[in-house]
Amino acid sequence: MTGTPAPAAQAPASAGDGAPLLEARHVSKYFGSVIALRDVSLQVHAGEVTCVLGDNGAGKSSLIKTLSGVFPPDEGEILVDGQPIRFSGPREARAHGIATVFQDLATVPMMSVWRNFFLGQEPTRSFGPVRFLDQGRAKDVMRVEMAKMGINVSDPNQYVGTLSGGERQAVAISRAVYFGARVLILDEPTSALGVRQSGIVLRYVLQARDMGRGVILITHNPHHAYPVGDRFVLLKLGQVMGSFTKDQIDVAQLTQMMAGGEELAQLSHELQRVSGDLPAARAAAQALAEDAARTV
Amino acid sequence: MDVSTPTMPAEPGAGQNDRVVTARAVTRVFRRPEVGAALAAVAIFLIFALDPVSQPLWLSQAGLVGWLTQAWQFGIMAVPVGLLMIGGEFDLSAGVMTGSTAILTGLLANGFGWNIWLCIAVSAVFAVLVGLFNGILVVRTKLPSFIVTLATFFILRGTSVGLVEALNANSTVVTVLNPPAGADSARAIFGGTVGASPAYPVALIWWLVATILGMILLSRTTVGNWIFAAGGEPNAARNVGVPVGATKVLLFVLTALGAWLVGTIQFTAGLSAVSEQGVGYELYYIVAAVVGGCLLTGGYGSVLGSSIGAAIIGMALQGVIYARWPSQWGFAFLGILLLFGVIVNAVTFRQAQRARR
């Protein structure tokens, strides 16, 4: 992992030829008798954001791990640039330009911004047989790359732990972009953040998209997904409940599908039965029923 | 505000910003992990310089050599132990290893009459193997290094007594009576002294070299980056391709080699070694590293600080003798320093962790 890192000059190369940068075709994954994923298909193109939406236990993290090479699919295939591929591990997926940014495991809080940025791919300079960190270059490159994301880092020695959650995500995203990521898989980048910080992170997503990268945004929040997404894949219990492009669906429908229309109807009946004469409960049940009706 | 986002208006009032910057420059100095140790070292030096009983000896060269001779034994080890702690691990076998390597060198010299340099080299190989054993066991089993190296500690301690008694006519002291070839040159390099009155131990140079090499390794090399990451957030480090396991194994090997260096210095000084030599010293190394600003939980610390921590221990233990205080006061001193160090570290850690969400 030593040596001079290669900037991602060639990154958006395959944008034009039409094949998705990364595609999953009919992927299934089983853990014993548990079905983690069944017949899941999705694709992400260069300069596009594909959002994967699902509640807890929908199979989002199994999907991430399959796409990022942590484990192979039991059925179906993964394609990079239209070519089927079987990753031997996360390292090989990274070598193919697929970078995963995990929510809380992206940066080391007690290390400075520049050390984090180059962690694992440090630029070095040789003095005779010994190789030293090229700190000057590392700090310069980091500043430039962070500026591309719209962040002005005045002190590269600042600990990442003192940054806001959104800014920490930005460090991880711009690092991945710099080191040649063509596809960014972002695991719940906004789930731990407040409204304003979430907005900042979503802007970085768009920034990465505009640089010609493909982004897979995993989230349970349709209001975060809809404004930035081009395609939406809804996961539930390991299966795709629906797959849409942006012009096929609006944010209200997306929210309804996420919540599950039929289940809302069922919940409304339950409430009605339990509530009896309580007016507040009846009102809630009524509202749920209307919601459900609108979905179906 | 260090990182600003473009949608936000520029900070109002440049003068206010300047004030923030100056305040930060000061706090940044105080946040360096070794600063607390440096201040404590000055304070302790002044205590014994001002105490009328210890003052004459304390300010003489002989007095200086006295506490430095205590300090280097902790100092050479504080460097790798500090690095290991920053990497998130402990080595409780580090103390006994100084004795085990010295004994092994002595047994080889006595038993085979080899050139002393060959015996020292074999001891070095042994040290590397013990380091690999500790490191690989910790990394593979994912058990706390505290427990794994505690086991190694007892194994080495038992073996170095049992084996020595079996091979050495029931004595736990290994003395090389007929100095083999190379004894003089090895003493000059490791266990010798420079000057006559007072005689400065050559070991002080080794301490200095170890400290400088350790500082370069930690802050100027790729491996140093990995050490911080391996101790700070190993999963994040793995996610970006840092060989966390290999880094930790390397640190265990460096610690064992540090113990080998100390053992070799002690052995070549008098061509003798005693079983259980160095037992209990592992705690001093840890005290030195913690007082020097290394975080017990890893991810943060300083090599220079660890070395200063070792100097503090040397001053405290020797100073109370010069001052003719009961020697227990030296330990009380260390206890207070340790508490002080841990609290300072905890505060630093919390400040660095404080995030604006």
Side-chain angles (χ1 to χ4, degrees), chain A residues 1-3 68 90-91 94 99-102 104-113 115-116 118-124 130-133 135 146-147 149-155 157-168 170-172 175-176 179 192-194 196-197 199-200 203, chain B residues 1-8 10-11 17 20-21 24-25 28 31-33 86 88 213 216-244 246-247 295 297-301 345 348-357:
Chain A
M1 303 304 308
T2 52
S68 62
R91 200 176 279 263
R94 259 201 308 273
T100 310
V101 176
F102 292 95
D104 278 330
L105 299 172
T107 52
V108 184
M110 296 294 281
M111 290 173 78
S112 63
V113 178
R115 281 184 184 274
N116 261 288
F118 285 96
L119 185 57
Q121 280 154 308
E122 294 83 355
T124 54
V130 200
R131 300 171 79 94
F132 292 101
L133 282 181
Q135 295 198 13
M146 293 292 284
M149 283 278 155
I151 299 183
N152 168 33
V153 181
S154 57
D155 177 11
N157 289 317
Q158 189 178 3
Y159 288 122
V160 160
T162 63
L163 300 180
S164 69
E167 288 160 349
R168 271 184 268 176
V171 173
R175 170 177 68 190
F179 285 110
L193 304 179
R196 192 177 146 274
Q197 290 291 326
I200 293 172
R203 215 186 45 241
Chain B
M1 277 303 275
D2 306 288
V3 175
S4 60
T5 45
T7 46
M8 294 178 40
E11 295 284 319
N17 262 358
V20 173
V21 168
R24 283 196 53 246
R28 206 186 304 160
R31 258 186 227 169
R32 287 195 65 89
I86 296 168
L213 287 182
I216 291 173
L217 178 75
L218 186 61
S219 64
R220 304 272 151 186
T221 71
T222 304
V223 174
N225 225 25
W226 297 349
I227 293 172
F228 278 121
E233 193 66 71
N235 287 320
R238 261 181 225 112
N239 284 342
V240 293
V242 171
V244 172
T247 304
L295 202 63
T297 44
Y300 184 76
N345 289 354
T348 315
F349 180 66
R350 249 175 263 141
Q351 280 191 335
Q353 285 285 56
R354 194 179 297 148
R356 300 178 286 121
R357 286 228 159 163

Problem set entry | Arg238(B): partners by side-chain hydrogen bond (donor to acceptor under 3.5 Å, both in side chains), with sequence neighbours left out | Asn235(B)

For this session: Enter the distance from Thr107(A):OG1 to Asn239(B):CG here, rounded to the nearest 0.5 Å.
Result: 10.5 Å

Problem set entry | Point-to-point distance, once rounded to the nearest 0.5 Å, from CE of Met110(A) to CD of Glu233(B) | 11.5 Å

For this session: Could you pull out the closest heavy-atom pair between Asn225(B) and Glu122(A), with the gap in Å?
Result: ND2-OE2, 3.0 Å

Seminar exercise, completed: Most heavy-atom pairs under 4.5 Å with chain B, out of Leu119(A), Asn116(A), Thr100(A), Val108(A), belong to Leu119(A)

Seminar exercise, completed: CG of Leu133(A) to OG1 of Thr221(B), rounded to nearest 0.5 Å, is 6.0 Å

For this session: Below 4.5 Å from any heavy atom of chain B, which atoms of Phe132(A) appear? Answer side chain, backbone, both or neither.
Result: both

Exercise. Can you name the side-chain contact (heavy atoms from CB on, under 4.5 Å) partners of Arg94(A), sequence neighbours left out?
Worked result: Arg91(A)

